[in-house]
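Report on the following structure.
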Amino acid sequence: MHPRRASTAIYIGSVQVGGNAPVSVQSMTKTDTRDANATIRQIRELEDCGCEIIRVAVPDNEAAIAIATIKRGINIPLIADIHFDHRLALEALAAGADGLRLNPGNIADASKVAEITKSAKERQVPIRIGVNAGSLPPSNVSDQNIPQRMVATAMRHIKLLEDLDFDLIKVSLKAFDVPTTIDAYEDISKLIPYPLHLGITEAGTQRAGVIRSATGIGTLLYLGLGDTLRVSLTTIPHEEVAAGYEILKSLGMRQRGPVLVSCPTCGRCEVDVIAIAEQVEQVLQKSQKNLRVAVMGCVVNGPGEAKEADIGIACGKGKAVLFKKGEQVAVIAETEILTRLMHEIDEL
Ligand code: SF4
């Protein structure tokens, strides 16, 4: 792992982003923000999954006003996502938004940008400049590639804020294409001190989107880049949060809930490890314990992995060996595997 890039620290409500803060996990609601009750319900579910910062779309004034009600019903900081209309930004700030996602260069009038930054500064509310490869303005420089255009666009937005003496800035440079995203983040990380929000935009549905996001976000994190992340998926938002934590857990950067080690099974396997592992995973999703649980199919690699885990089983024909903290503690019948494993996990 490369050392983490030093970045300035900002606060989205109570959550520090940048500096030495752990990489935080964000999501975005998929409800109509104007429906405050539905939005609160979804955010509360996301809080239970570990979401640390939530973003809501603010397409009109009614949505901006709803932020005040939403804020009263939730426990995590809220970012208002705004495009083009400076009045929505001012309204969202007045309603108590903890952060804005807004590209100042898309607001035509400089005095309106100044109004937003003045209000954000008074409230110490950071602004994320979020550049997406799909909506880049035309470039005057003919030989610029997409990452270069993304960086140039972000730098233009950043300068508008810096010229107003505003530095509570966070930046994202998202593309669907993973190498483009990585190049863009690498390039901008050398130019600015601000924290980076990582993501692969429009990454897709759950299966492909998680892999695409893990490849892009995981590579950037490995390179030491990134202070907060959102996995964007075309599915229910708590999958975004779960995927975010899995990426961070894979790199040893965050702990949240158990890690399941399970073998892929092969011709040596004599029990239904796929079914057992799926059931164990379902149960583990509800646990907050930082445990390593192993479900292994046979005696070849099974005991080794199971021994490394806090709790593990290595299956054999009609039975399994149960390991706890590296020690073999019991041999159990195949029919008892799930109940016994769950019991042991509860005990730990
Ligand atoms: Fe096959 Fe055993 Fe390895 Fe599982 S642990 S993949 S059953 S060799």
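Counting convention: from 1, in listed order, for ligands and their atoms alike. For the numbers below, each heavy atom of this structure counts, side chains included, while hydrogens, waters and symmetry mates do not. Because the structure is predicted, anything quoted here is derived from the model rather than measured.
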Quiz item: How many angstroms lie between atom CD1 of Ile182 and atom OG1 of Thr219, to the nearest 0.5 angstrom?
Solution: 4.0 Å
Quiz item: Is any side-chain N of the basic residue among Glu344 and Arg340 closer than 4.0 Å to the acidic one's carboxylate O?
Solution: yes
Quiz prompt | Heteroatom N/O/S of Cys266 within less than 2.8 Å of atom 1 (Fe) of ligand 1 | solution = yes
Practice problem: Scan side-chain atoms only and decide if Ser27 and Arg55 contain a donor-acceptor pair under the 3.5 Å cut-off. | Solution: no
Quiz item: Is it true that the side chains of Thr205 and Thr234 contain a donor and an acceptor less than 3.5 Å apart?
Solution: no
Exercise. Please determine if atom 2 (Fe) of ligand 1 has an N/O/S atom from Cys263 lying under 2.8 Å away.
Key: no
Exercise. Could you tell me the residue and atom name of the protein heavy atom closest to atom 3 (Fe) of ligand 1, and the distance to it rounded to 0.1 Å?
Key: Asn301 ND2, 3.4 Å
Practice problem: Considering heavy atoms of the protein only, find what lies nearest to atom 2 (Fe) of ligand 1 and give residue, atom and distance to 0.1 Å. | Solution: Cys298 SG, 2.2 Å
Self-check item: Atom indices of ligand 1 within 4.0 angstrom of Arg268 heavy atoms, with elements
Solution: 8 (S)
Practice problem: Would you kindly specify which portion of Val273 sits under 4.0 Å from ligand 1, judged on non-hydrogen atoms: side chain, backbone, both or neither? | Solution: neither
Quiz prompt | Quiz item: cation-pi between Arg212 and Phe176, 6.0 Å / 45° | solution = yes
